[in-house]
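Everything on this sheet refers to the single structure shown next.
Residue numbering restarts at 1 for every chain, and letters A, B, ... go by the order of the sequence lines. We use all heavy atoms of the structure for the numbers below, so side chains are in, but hydrogens, waters and symmetry mates are not.
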There are 2 protein chains.
Amino acid sequence: MTVLRRSTHRAPSRQLEAAGSITRARILAAATEVFVRRGIEAGTIREITKAAGVNVAAVNYHFGSREALLRATLAEVAGPMNAARLQALDQEARAHAPHAPPLPAIVDALVRPLIETPRWQDGTRPLIRLIQQLRALPHQMANQLMAEQFDAVAHRFIAALHAALPHLSRAEIVWRYEFARGAVVHVLVDCDPESGRLAALSGGACRTGDQDELLCQATRFVAAGFSAPGR
Amino acid sequence: MTVLRRSTHRAPSRQLEAAGSITRARILAAATEVFVRRGIEAGTIREITKAAGVNVAAVNYHFGSREALLRATLAEVAGPMNAARLQALDQEARAHAPHAPPLPAIVDALVRPLIETPRWQDGTRPLIRLIQQLRALPHQMANQLMAEQFDAVAHRFIAALHAALPHLSRAEIVWRYEFARGAVVHVLVDCDPESGRLAALSGGACRTGDQDELLCQATRFVAAGFSAPGR
DNA sequence: GTCTATAACACGATAGAC
DNA sequence: GTCTATCGTGTTATAGAC
């Protein structure tokens with residue numbers, strides 16, 4: 001709840017975002033844990049500060065509000081993954097210059113960093129859980145947070161895909177880009193120990209903990225989808 | 001929030017689930033509206049009863065608890081869609097007997113009812129929004145609600161797909177079944193007016209309100225993914 | 001069956017001492 | 001920078017009148 005609650009927060013009067021504080025770092029780590037395990041809406045400032053071993057008032061002192069803390073949490077988790085994607089795409093572009101990178105290289109640059117995003121000991125990928133939750137929340141704020149983190153990368157990849165598949169219209173590229181993202185994120189959620197859906201449906205036949213298997217299955221499905229005939 | 005809140009509900013002592021009540025029906029309709037627009041966690045009993053024009057206490061009288069109301073809401077929205085899927089699959093099975101239905105027929109039976117699920121005037125598909133939210137909630141209850149509604153259908157379709165694609169292992173069928181579901185649900189969320197992400201990414205080039213276009217794009221991507229070479 | 005009123009509790013944010 | 005205490009507001013669920 002209460003992401004939506006009419007905030008009574010007026011104007012953050014102290015120095016916010018001073019990234020040096022040890023307390024700040026502890027809050028950020030605890031917030032990731034709580035938002036993932038308990039849910040973005042259900043996780044409370046009180047839980048977070050308790051898990052971080054700091055005072056209840058510290059969140060508002062260091063971040064200004066619960067929403068600003070959520071934004072910082074997402075940036076910390078999604079930033080490195082998107083940077084890895086862009087770096088991989090750039091590398092492929094250099095390797096194939098002056099030609100455009102071929103489809104399999106682009107798909108790998110898009111999918112691999114998502115699958116190889118850090119996992120906790122139990123196999124949970126915190127980034128995946130945050131993405132899934134933010135996409136489901138019917139708040140404009142959630143859409144905005146996602147756009148802040150992912151739009152730049154999306155446009156880069158759509159351009160690269162358009163160059164690799166020039167026979168498809170831009171609209172068809174975008175359709176398939178989102179089909180591809182959905183397929184991979186959905187299955188990563190299913191692979192999460194919290195869900196276990198893929199293991200349940202397959203009677204344990206899908207090795208959901210095997211990253212190589214997952215990457216192999218995902219790239220094959222996605223590349224085939226992109227390679228479907230156009231209109 | 002408070003789906004998780006430790007409930008103090010003891011034992012529903014009056015007749016629950018007596019489906020005849022007019023009040024009950026009004027609550028159910030209002031609950032769908034509120035859970036979709038405001039979110040499953042954020043939507044409160046007070047909002048629902050206010051929208052339904054009934055008393056606050058009526059939810060606990062007719063359903064027993066907030067969670068039971070959510071279960072009834074999902075069943076009402078997801079039930080007809082899954083029935084349509086099974087009916088379509090049965091029809092294809094009869095049409096192709098004694099052979100197994102071919103891949104395109106199965107994909108159509110799987111995807112079309114999801115896309116043609118009822119929409120509100122603004123284009124929102126309530127079922128899609130409920131699915132997306134339930135998949136994101138980190139509660140065991142949410143997983144259970146999804147399994148109750150979708151597991152039977154999943155097993156039917158996986159069996160049909162296995163018959164149509166006998167060169168693939170059962171594990172590979174399940175991987176691709178979930179890739180397919182994820183691709184379609186993800187894009188349907190993007191087509192929702194609340195999100196608008198597909199329209200934004202494509203600069204308006206994707207006609208997200210055109211059901212025929214959506215079905216065409218989805219079945220092409222999904223069928224190609226299933227047709228990818230096996231291991 | 002439907003209402004009002006309330007119990008019992010949780011929340012985010014902040015004032016103000018240290 | 002960190003604490004305690006508190007304000008104002010929200011929640012589910014239920015007791016008891018009608």
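Remark: Ser202(A) pairs with Ala205(A), Cys206(A), Val174(B) by the side-chain contact (heavy atoms from CB on, under 4.5 Å) rule, at least two apart or across chains. Residues passing the side chain to side chain donor-acceptor pair (under 3.5 Å) test with Arg197(B) are Asp151(A), sequence neighbours excluded. With sequence neighbours left out, Glu76(B) forms a side chain to side chain donor-acceptor pair (under 3.5 Å) with no residue at all.
Between Asn55(A) and the phosphate of dT4(D), there is a side-chain N or O to OP1/OP2 separation shorter than 4.0 Å.
Among the heavy atoms of the strands lying under 4.0 Å from Ala57(A) is at least one base atom, whether or not backbone atoms are also near.
Here side-chain hydrogen bond (donor to acceptor under 3.5 Å, both in side chains) pairs that include residues 78-91 of chain A, with residues two or more places apart or in two chains, are Asn82(A)-Arg85(A), Asp90(A)-Arg156(A). Listed by first then second residue, pairs satisfying salt bridge (charged side-chain N to carboxylate O under 4.0 Å, His left out) with a partner in residues 50-65 of chain A number zero, not counting sequence neighbours.
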Tabulate protein N/O versus nucleotide N/O from nucleotides 6-8 of chain C, keeping only pairs under 3.5 Å, one per line.
none

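Atom CZ of Arg24(B) and atom C1' of dT2(C) are 17 Å apart (whole Å). In this structure, the CG atom of Asn60(A) is 14 Å from the C1' atom of dT2(D), given to the nearest Å. Remark: P of dG12(C) and NE2 of His62(A) are 17 Å apart, rounded to the nearest angstrom.
A donor-acceptor pair is defined here as one N or O able to donate and one able to accept, closer than 3.5 Å; no such pair exists between the side chain of Gln217(A) and the backbone of Leu214(A).
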